[in-house]
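This report refers to the structure that appears directly beneath it.
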2 protein chains.
Amino acid sequence: MAQTDTVTRILDTAEVLFAERGFAETSLRTITSKARVNLAAVNYHFGSKKALIQAVFSRYLDPFTVRFHHALDELEAQHAGRVIPLEVLLETMARTVLEVPAEKHSLKVFMKLLGLAYSQAQGHLRRHIQEEYGSVFTRFTDLVRRATPELPDAERFWRLHFVLGTVIFTLSGLDALRDIAEKDYHEHVSVRDLVRRLRPVVVAAMNAPLPPPPAAQPAKAS
Amino acid sequence: MAQTDTVTRILDTAEVLFAERGFAETSLRTITSKARVNLAAVNYHFGSKKALIQAVFSRYLDPFTVRFHHALDELEAQHAGRVIPLEVLLETMARTVLEVPAEKHSLKVFMKLLGLAYSQAQGHLRRHIQEEYGSVFTRFTDLVRRATPELPDAERFWRLHFVLGTVIFTLSGLDALRDIAEKDYHEHVSVRDLVRRLRPVVVAAMNAPLPPPPAAQPAKAS
DNA sequence: TAATGTTTAAAACAGTCGTTTCCAGTGGGA
DNA sequence: TCCCACTGGAAACGACTGTTTTAAACATTA
């Protein structure tokens, strides 16, 4: 068979449709007809629609996890026990995220899927991702802790999620934003342009001054 | 009629269920049975499910728009043509967002709905919000432009969306994050706590140094 | 050749969905 | 009094969903 594998064709089609419309709004019939495979093929190869959704994510996250662990290994070896600067850590993560889909898939699709995974409750998905890929994230945050010793733990936790929100929100809604930006500012924006713009903002956000301690009794007077 | 209005009961129930599960995953039967109203009542009062979704948003956004225009009116009067500082603008917006749902609804639900509106494509919703409430946003961004004259237009556009991502992402995924934060750091986090933490981060993000200009020809060699 | 793993076609399953309809009441205003 | 907007119950409509089954083909491998 010269044509690509049925499993691959299903995954390729499903990830695009999922990213465009969400999970519940994409039926197996739409996927299989657009992929020109049999309807029963999904349940044959994956078992269920839920399993297909997880498989779509695994195809991105598995290579990402391998690469990111490898990149962190190299980083730790280079710095030999010394603290790895925050910007190097962020840079490494950004580079790895950009590398993985560049091989054959679309970064835009990947980011849209990540955004969906967070917003569309889909309990099974969040659980699956947490259990399967939580350890890489823990390793990363441990390194970030050593890079920002002046930050209280809780403050660092929140700020990491702040910037996570920025990145996922921006890159998952990229198309709509890009259209507006090009129309209003006559400026073509590539993903790498966006990363370039993101870098100083993210660094500034992490290094922002600490907020004032909460007022014990929030008095109305300013 | 001692019991609350049917329309109100539908809206109250629908907004909670939408926020919990998303739009497509919430059926009219679930809404009407939990609200203890007749199934046909939704189509009778709202016409369709799409119209119900838009009505849920309008109940938040209509009073928000009124209040925000009013707050901006006051602000412009106070500053009498002089430039309104960025932090005052952000503070005003935050205060207005916090005020509106505090009356009778839940801020958490409101933010989750906003997050859904962005992620769940739902073309009709995005269009409806854009057409109905785009003008307030335009007025606000115009004021932000005068407050940050040193920023190129495109840069300011992107940074506003960066911080928008932070806020929506954080507040719409608040419950899950709060659980982790309380478990790991034994710290109770209220929405106002979060706003307190958000403030310096957002200001730092907007005031971050400009990124280096893009390389004219992105050569492979580093 | 025989066996095995894939793929397709077609149909049916049981279930849910949004929407519509018919009918029976209720209340208050004209 | 009649009218009319509102509410309720119940049922049905047609469409679509994920899943399963039976059937027949195809490829590769043993």
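Model, not experiment: these values are computed from the prediction. Numbered from 1 within each chain, the chains take letters A, B, ... in sequence-line order.
H45(A) has its NE2 atom 15 Å from the P atom of dT19(D), to the nearest Å. At whole-Å resolution of the value, CG in N38(A) and C1' in dT8(C) are 5 Å apart. Put simply, CZ on R36(B) is 16 Å from C1' on dG9(D), counting in whole angstrom units. Here the C1' atom of nucleotide dT19(D) and the CD1 atom of I31(A) are 14 Å apart, to the nearest Å.
Note on T6(A): a side-chain N or O is less than 4.0 Å away from OP1 or OP2 of dT7(C). Between N43(B) and dT19(C) there is a side-chain polar atom (N or O) within less than 4.0 angstrom of OP1 or OP2.
Donor-acceptor pairing under 3.5 Å is lacking for the side chains of Y44(A) and N38(A). Inspection of the R67(B) and T96(B) side chains reveals no N or O donor paired with an N or O acceptor under 3.5 Å. Counted by atom type alone, Y133(B) and S58(B) present one or more donor-acceptor pairs between their side chains at under 3.5 Å. For the residue pair T138(A)/S135(A), the side-chain donor-acceptor check at 3.5 Å is not satisfied.
Checked against dC6(D), dT7(C), dT20(D), the side chain of Y44(A) finds its nearest nucleotide in dT7(C). Nearest to the side-chain atoms of L39(B) among the listed nucleotides dT19(D), dA11(D), dA5(D) stands dA11(D).
Here the two rings, on F169(B) and F169(A), have centers that are 6.0 Å apart or farther.
Mapping V42(A) and A40(B) onto DNA chain D via the closest heavy atom, the residue that lands nearer the 5' end is A40(B).
Ring planes of F18(A) and F23(A): perpendicular class, angle over 60° (limits at 30 and 60°). F68(B) and F64(B) have parallel rings, their planes meeting at less than 30° on a 0 to 90° scale where 60° marks the start of perpendicular.
In this structure, T26(B) and E20(B) have side chains that are not in contact, with every pair of non-hydrogen atoms separated by 4.5 Å or more. K108(B) is not listed as a side-chain neighbour of V191(B), based on a closest heavy-atom distance of 4.5 Å or more.
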Requested in this report: Convert the base pairs of DNA chain D into dot-bracket notation, remembering that pairs crossing earlier ones are written with [ ] and that bases paired across to another strand are shown as |; include only Watson-Crick or G-U pairs under 3.5 Å.
Outcome: |||||||.||||||||||||||.|||||||
Do any N or O atoms of the protein come closer than 3.5 Å to N or O atoms of nucleotides 15-17 of chain D, and which pairs are they?
residue : atom : partner : partner atom : Å
dT17(D) : OP1  : S27(A)  : OG           : 3.1

